[in-house]
Q: 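Sharing a structure, written as structure tokens. Questions coming.
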Amino acid sequence: MAADTPSTGTTPGRFEVGDAFRRFADFVPLMMWRADPEGRAVHHNECWLTFTGRTAEEEIGEGWRRGLHPDDFDRHATLVADAFAAREPFTVEFRLRRHDGAYRWLLETGRPLEDEGVFHGYLGSCFDITDRKHAEENIEKALVEKETLLAEVYHRVRNNLQVMVSLIGLYGRAAPDLCRGSFEALGQRVRAIALVQQHLHEAPHIASIDLRDYLHRLASGLGQLRRAGRIGVTVGGRGTSFVEPRTANALGMIVAEIVAECLDATAESVACAIAIDIDATAGGPVGLSIVSGSGDAVAAGRPNVPKLGPRLIAAYAAQAEIAVRGTATLADPLELQLPEARVSADA
């Protein structure tokens, strides 16, 4: 934008605002100002003066800075001085005293005025963003409170699960020999539930969980939870997806149950392998394929332990509206299709 032509007869080095600009600026329902090449204010429009409740003469030069909030004064002055020195546009947020004495947050934007290579100063405008700032503060406060609540809930759940594991262990040791295997299997499943909750709690963004990262971390934990060194869970496939907590929780429980079923069906000396394949190509539904296997027959595993895996997996999937089919064998992989997944670029 070209600057108004300086009026004749003015003091050398000073800049004077033309009548055309004054009429335009006063008509605009927006706080506007102009400054000379030295950074001194030479005009504030009617909208600005109505906001501050001061006269044009009081605001001229450096006078308008008397309305700046003390905590914003130095920061604003430094940023604007640097912009003027470089003759670059700038944007800054600061508080300015309104006519009623209240400080309001303004978003200020300034742009240098040049005409055929001659620098004439700056033109700027301000928006009142107080309501937005208060909303951001309230959101930040709510997030802090939410995180605090989630942490408290997680610790209570973890403590309750630890009590459940202890109770199951006590009853298992007092139970007849034929029932002890079932009690041990139940206790280990409760430990797996606690592990799933731990990894959900540790997710960087609890509202939107990176599926691949989550399954990698969970798989590592499950591999150490029982029969360490003799169970391997691998996560492969294409792409990744961001899922909501209920979906991640259901998937964690399903994976934990598949691991438990594999371990229940084999002897302690046998290694179990679980392969999870993610299909999260952009533009399509997110699916998982899971295969579980070992080298021994089912009879080599724990006696008298009921095989409840298929029923539990179906229940977990139904809770999160996950479509499920298959038995997790090499011939019939467990196929899961997630609801309304948000897909990122291929990994």
Side-chain angles (χ1 to χ4, degrees), residues 1-6 14-115 119-148 205 207:
M1 178 186 295
D4 294 324
T5 304
R14 296 300 301 272
F15 184 83
E16 197 169 285
V17 181
D19 290 340
F21 172 78
R22 292 180 186 274
R23 289 193 297 270
F24 167 76
D26 289 341
F27 180 77
V28 175
L30 174 70
M31 296 172 66
M32 295 185 66
W33 55 265
R34 285 191 68 166
D36 64 16
E38 286 72 40
R40 295 183 294 261
V42 294
H43 180 70
H44 293 88
N45 70 345
E46 287 297 327
C47 189
W48 178 291
L49 300 178
T50 299
F51 178 91
T52 62
R54 290 160 56 87
T55 66
E57 289 73 19
E58 290 175 314
E59 300 289 74
I60 208 73
E62 301 293 329
W64 72 273
R65 290 186 179 274
R66 297 189 182 95
L68 275 169
H69 192 285
D71 292 344
D72 300 335
F73 192 97
D74 292 340
R75 175 176 58 84
H76 181 277
T78 300
L79 188 147
V80 173
D82 290 345
F84 265 77
R87 297 184 183 179
E88 294 179 345
F90 68 87
T91 300
V92 61
E93 296 178 3
F94 65 95
R95 285 161 289 185
L96 188 68
R97 189 171 56 244
R98 196 168 57 182
H99 59 83
D100 59 359
Y103 282 99
R104 303 286 291 182
W105 278 99
L106 301 182
L107 174 64
E108 180 178 49
T109 301
R111 298 187 64 85
L113 295 172
E114 293 184 326
D115 183 19
F119 176 55
H120 293 291
Y122 269 70
L123 172 65
S125 62
C126 294
F127 289 93
D128 189 326
I129 58 169
T130 306
D131 292 341
R132 191 199 78 185
K133 295 288 288 188
H134 288 168
E136 291 174 351
E137 292 171 359
N138 291 335
I139 290 173
E140 183 176 354
K141 181 180 178 181
L143 287 175
V144 171
E145 293 175 349
K146 180 180 179 181
E147 290 297 327
T148 302
H205 304 287

Q: Under the salt bridge (charged side-chain N to carboxylate O under 4.0 Å, His left out) criterion, do R66 and E58 qualify, and how do the steps go?
A: CA-CA 9 Å; R66 297 189 182 95; E58 290 175 314; over 6 Å; no

Q: Please report the closest heavy-atom contact between T109 and T91, naming both atoms and the distance.
A: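 Closest approach of T109 to T91, heavy atoms only: OG1-OG1, 3.8 Å.
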
Q: Under 3.5 Å, is there a donor-acceptor pair between the side chain of Y103 and the main chain of G67?
A: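 Absent.
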
Q: Donor-acceptor pair, distance only, cut-off 3.5 Å: does the side chain of D72 make one with the backbone of R95?
A: yes

Q: Sub-3.5 Å donor-acceptor pair from the side chain of Y122 to the main-chain atoms of W33, do we have one?
A: no

Q: Could you tell me the separation between the CH2 atom of W105 and the CD1 atom of I129, rounded to the nearest 0.5 Å?
A: 7.5 Å

Q: Test side chain to side chain contact (heavy atoms under 4.5 Å, CB included) on H99 and R54 and set out the steps.
A: CA-CA 8 Å; H99 59 83; R54 290 160 56 87; over 6 Å; no

Q: Would one find more than 12 heavy atoms of other residues, nucleotides or ligands at under 6.0 Å from atom CZ of R98?
A: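 Above 12, so yes.
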
Q: Does L30 offer a backbone N or O that forms a donor-acceptor pair with the side chain of N45 under 3.5 Å?
A: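 Yes; judged by distance alone, with no hydrogens or angles, the pair exists.
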
Q: Check this for me: F127, atom CZ, are more than 12 non-hydrogen atoms of other residues, nucleotides or ligands nearer than 6.0 Å?
A: no

Q: Do L123 and R111 have side-chain heavy atoms sitting under 4.5 Å apart?
A: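 They are not in side-chain contact.
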
Q: Specify the closest pair of heavy atoms between F84 and G39, including all atoms of both residues, with the distance to one decimal.
A: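 Scanning both residues completely, I find the closest heavy atoms to be CE2-CA, 3.4 Å.
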
Q: Could you tell me whether the side chain of L113 reaches within less than 4.5 Å of the side chain of F119, counting heavy atoms only?
A: no

Q: Hey, what do you get for CZ (F51) to CG (L96), rounding to the nearest 0.5 Å?
A: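 Here the interatomic distance stands at 5.5 Å.
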
Q: Closest heavy-atom contact between R75 and F94?
A: NH2-CA, 4.1 Å

Q: Kindly indicate whether the side chain of H44, heavy atoms from C-beta on, has any atom under 4.5 Å from the side chain of T52.
A: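 A side-chain contact is absent here, since even the closest heavy-atom pair is not under 4.5 Å.
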
Q: Decide if the gap between the ring center of H43 and the ring center of W64 is smaller than 6.0 angstrom.
A: no

Q: Using 4.0 Å as the upper bound for N to carboxylate O, is an ion pair formed by E137 and K141?
A: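 Salt bridge flag = no for E137 with K141.
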
Q: If you take all heavy atoms of L106 and C126, which pair is closest and at what distance?
A: CD1-CB, 4.2 Å

Q: What distance do N138 atom CG and H134 atom NE2 have between them, rounded to the nearest 0.5 Å?
A: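 Reported to 0.5 Å precision, the distance equals 8.0 Å.
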
Q: When you compare the side chains of W48 and E59, does any donor N or O come within less than 3.5 Å of an acceptor on the partner?
A: yes

Q: In Å, rounded to the nearest 0.5 Å, how long is the span from NE2 of H69 to CZ of R97?
A: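 Those atoms lie 10.0 Å apart.
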
Q: Can you give me the closest heavy-atom contact between R104 and D128, atom names plus distance?
A: NE-OD2, 3.0 Å

Q: Measuring from atom CG of L107 to atom NZ of K133, what distance do you get when rounded to the nearest 0.5 angstrom?
A: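 So the gap between those two atoms works out to 9.5 Å.
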
Q: Could you report the tightest heavy-atom contact between C47 and M31, atom names first, then the distance?
A: SG-N, 3.7 Å

